[in-house]
*Asks:* 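I'd like to ask some things about the structure below.
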Amino acid sequence: MPEGPSLVLLREEAQRFVGKTVRAAEGHAAFDAARMTGRRVRDVRTWGKHFLLGFAGFSLRVHLLLFGSWLIDARKPRPPRLALRFARGELNFYGCSLRYIEGELDQAYDWSADVLSDAWSPRAARRKLLAAPERPVCDVLLDQDIFAGVGNIIRNEVLFRIRVHPESRVAALPPDRLSALIREARRYSFEFLDWKRAGVLKRNWQVHARQSCPNCGRKLRTTYPGRTRRRTFFCPRCQPRYA
DNA sequence: ATTCATGTTGTGAT
DNA sequence: TATCACAACATGAA
């Protein structure tokens with residue numbers, strides 16, 4: 001579930017708790033959930049795949065990892081990893097990683113890296129990419145320091161849309177493909193968000209978990225390339241490899 | 001029942 | 001030191 005756009009939806013749903021006071025916070029013993037009890041939520045933000053609940057002086061960071069989920073005003077049969085109760089309503093997290101971030105979030109995060117942020121900077125992304133010329137594009141797209149919020153689905157879809165083979169190296173990309181990579185990482189992330197919100201995301205996948213190329217009809221290839229070894233779908237005909 | 005997957009971090013080997 | 005392979009975590013869908 002949790003690529004960047006899904007976190008935006010969580011942020012929107014959690015917005016109603018801003019200004020409210022945590023009446024009870026329960027979690028597993030290893031995490032000091034009680035620290036939030038009696039404290040007022042200042043703001044709700046996201047950075048890439050991080051969900052951030054701001055309190056005076058510190059923030060809660062929730063990372064949903066691969067299987068994480070949340071429920072608002074509802075519970076699963078299993079106890080939540082973290083339950084935040086307010087006078088009206090509750091926010092429950094499952095299967096996630098919890099941490100506190102001390103101080104201001106603007107110190108802790110490079111907001112220009114978040115593809116879904118107003119502060120997103122294509123120029124900063126380009127600079128980071130040019131500093132990593134030998135890396136394959138399949139790896140850099142998942143690099144959260146460059147493209148925070150991009151996950152495996154977005155990566156596969158972006159590479160198909162810009163017609164670039166996943167194992168192309170950054171330095172070998174023609175200038176217009178490098179620009180397209182940066183532009184499409186953000187553009188498709190918002191498209192993902194719209195489709196997710198409308199409940200039509202899967203049906204709009206062009207290559208992810210698909211069998212054949214929507215452009216030429218050939219059978220798609222599935223590989224596990226690069227450092228990350230994540231499942232990669234691509235069309236060997238429509239996505240030329242720039243070595 | 002078993003396998004797999006929208007993710008990240010830490011450990012130990014090379 | 002750098003890079004890697006792998007484990008660990010957790011959960012719902014196919």
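Sequence lines set the chain letters: A, B, ... in the order given, protein chains first and strands last, and positions in each chain run from 1.
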*Asks:* Between dT6(B) atom P and L201(A) atom CG, what is the distance in whole Å?
*Replies:*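 So the two atoms are 12 Å apart, to the nearest Å.
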*Asks:* Nearest to the R81(A) side chain among dC9(C), dT8(B), dT6(B), which nucleotide is it?
*Replies:*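 Selected nucleotide (nearest to the side chain): dC9(C).
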*Asks:* Would you say a side-chain N or O of K49(A) is under 4.0 Å from OP1 or OP2 of dT8(B)?
*Replies:*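 Checking K49(A) against dT8(B): at least one side-chain N or O falls below 4.0 Å of OP1 or OP2.
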*Asks:* Taking only residues two or more places apart in sequence, or in another chain, which ones meet F160(A) in a ring-ring contact (aromatic ring centres under 6.0 Å, His included)?
*Replies:*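 Partners of F160(A) by the ring-ring contact (aromatic ring centres under 6.0 Å, His included) criterion come out as none, since no residue qualifies.
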*Asks:* When the side chains of residues 209-226 of chain A are checked against the rest of the protein, which donor-acceptor pairs come out under 3.5 Å, sequence neighbours left out?
*Replies:*
{"residue": "R210(A)", "atom": "NH1", "partner": "K202(A)", "partner atom": "O", "Å": "3.4"}
{"residue": "R210(A)", "atom": "NH1", "partner": "W205(A)", "partner atom": "O", "Å": "2.5"}

*Asks:* Counting only side-chain nitrogens and oxygens, does R227(A) get under 4.0 Å of the OP1 or OP2 atom of dT3(C)?
*Replies:*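 Indeed not, no polar side-chain atom of R227(A) lies that close.
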*Asks:* Tell me: CG of L64(A) to P of dG7(B), nearest whole Å?
*Replies:*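 My rounded result for the distance is 11 Å.
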*Asks:* So, F234(A) versus H165(A), ring centres under 6.0 angstrom or not?
*Replies:*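 So the answer is yes for these two rings.
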*Asks:* Might you confirm whether atom CZ of R237(A) has over 12 heavy atoms from other residues, nucleotides or ligands at distances under 6.0 Å?
*Replies:*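 Counting neighbours around CZ of R237(A), 12 or fewer heavy atoms of other residues, nucleotides or ligands fall under 6.0 Å, so no.
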*Asks:* Name the closest nucleotide to the L65(A) side chain, picking from dT6(B), dC9(C), dT11(C).
*Replies:*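 The closest nucleotide is dC9(C).
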*Asks:* Would you say R155(A) places a side-chain N or O within less than 4.0 Å of OP1 or OP2 belonging to dT6(B)?
*Replies:*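 Result: no.
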*Asks:* Rounding to a whole Å, what distance do you find between L98(A):CG and dG7(B):P?
*Replies:*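 Roughly 19 Å, once rounded to whole Å.
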*Asks:* Classify the ring geometry between F55(A) and F58(A) as parallel (under 30°), tilted (30 to 60°) or perpendicular (over 60°).
*Replies:*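 Ring orientation, 0 to 90° scale: parallel.
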*Asks:* Between C1' on dA5(B) and CG on N156(A), what's the gap in Å once rounded to a whole number?
*Replies:*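 Result: 12 Å.
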*Asks:* So what does F93(A) hit on the nucleic acid, given a heavy-atom distance under 4.0 Å: a base, only sugar-phosphate, or nothing?
*Replies:*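 Answer is nothing: F93(A) stays at 4.0 Å or more from every strand.
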*Asks:* Between atom NE2 in H28(A) and atom P in dC9(C), what is the gap in whole Å?
*Replies:*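 Taking NE2 of H28(A) and P of dC9(C), I get 13 Å after rounding.
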*Asks:* Calculate the interatomic distance between E134(A) atom CD and dA2(C) atom P; express it in whole Å.
*Replies:*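 The answer, rounded to whole Å, is 18 Å.
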*Asks:* Check R163(A) with E184(A), please: is the shortest side-chain N to carboxylate O separation under 4.0 Å?
*Replies:*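 Salt bridge: no.
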*Asks:* Between W70(A) (CH2) and dG7(B) (P), how many Å, whole number?
*Replies:*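 The distance from CH2 of W70(A) to P of dG7(B) comes to 14 Å, rounded to the nearest Å.
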*Asks:* Could you tell me whether K49(A) and D114(A) make a salt bridge, using a distance below 4.0 angstrom between a side-chain N and a carboxylate O?
*Replies:*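 Salt bridge absent between K49(A) and D114(A).
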*Asks:* Between dA7(C) and dC4(B), how far apart are the P atoms? Round to whole Å, please.
*Replies:*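 Going atom to atom, P in each nucleotide, I get 14 Å.
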*Asks:* Quick one: which of dT11(C), dT9(B), dT6(B) gets closest to the side chain of F192(A)?
*Replies:*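 Of the options given, the side chain of F192(A) lies nearest dT6(B).
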*Asks:* Establish, with yes or no, whether the OP1 or OP2 oxygen of dT11(C) is under 4.0 angstrom from a side-chain nitrogen or oxygen of K76(A).
*Replies:*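 Looking at the OP1 and OP2 atoms of dT11(C), neither is under 4.0 Å from any side-chain N or O of K76(A).
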*Asks:* Who clusters with L105(A)? Use side-chain heavy atoms, under 4.5 angstrom, across I, L, V, M, F, W and Y, and order the result by chain and number.
*Replies:*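 Members alongside L105(A): W47(A), L52(A), I101(A), Y109(A), W111(A).
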*Asks:* The criterion is ring-ring contact (aromatic ring centres under 6.0 Å, His included); which residues satisfy it with Y94(A), sequence neighbours excluded?
*Replies:*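 So Y94(A) forms no ring-ring contact (aromatic ring centres under 6.0 Å, His included) with any residue.
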*Asks:* Please determine, for the side chain of R78(A), which listed nucleotide (dC9(C), dG7(B), dT11(C)) has the closest atom?
*Replies:*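 Of the candidates, dT11(C) comes closest.
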*Asks:* May I ask you to verify if any side-chain N or O of H208(A) is less than 4.0 angstrom from the OP1 or OP2 atom of dT6(B)?
*Replies:*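 Indeed, a polar side-chain atom of H208(A) lies that close.
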*Asks:* Could you tell me how far apart R229(A) (CZ) and dT9(B) (P) are, to the nearest whole angstrom?
*Replies:*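 To the nearest whole Å, that distance equals 20 Å.
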*Asks:* Please convert DNA chain C into dot-bracket. A pair counts if it is Watson-Crick or G-U wobble with both distances under 3.5 Å; crossing pairs go in [ ] and bases paired with another strand get |.
*Replies:* .||||||||.||||
*Asks:* Fit a plane to each ring of F31(A) and Y100(A), take the angle between them on a 0 to 90° scale, and name the class: parallel (under 30°), tilted (30 to 60°) or perpendicular (over 60°).
*Replies:*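 The arrangement is parallel - the two ring planes meet at less than 30°.
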*Asks:* Of the nucleotides dT11(C), dT9(B), dT6(B), which has the atom closest to the R61(A) side chain?
*Replies:*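 Among dT11(C), dT9(B), dT6(B), the one nearest the side chain of R61(A) is dT9(B).
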*Asks:* Check the phosphate of dA5(B) against Y224(A), side-chain N and O only, distance under 4.0 Å to OP1 or OP2. Yes or no?
*Replies:*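 Yes, Y224(A) has a side-chain N/O under 4.0 Å of OP1/OP2 on dA5(B).
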*Asks:* Which ones in residues 142-151 of chain A lie close to DNA chain B, meaning a heavy atom under 4.0 Å from one of its atoms?
*Replies:*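 Only Q144(A), G151(A) qualify.
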*Asks:* Any chance you could lay out the side-chain contact (heavy atoms from CB on, under 4.5 Å) test for L159(A) and V137(A), step after step, and finish with the verdict?
*Replies:* CA-CA 8 Å; L159(A) 288 175; V137(A) 294; 3.8 Å; yes
*Asks:* Between K202(A) and P79(A), which residue's closest nucleotide on DNA chain C lies nearer the 5′ terminus?
*Replies:*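 This one resolves to P79(A).
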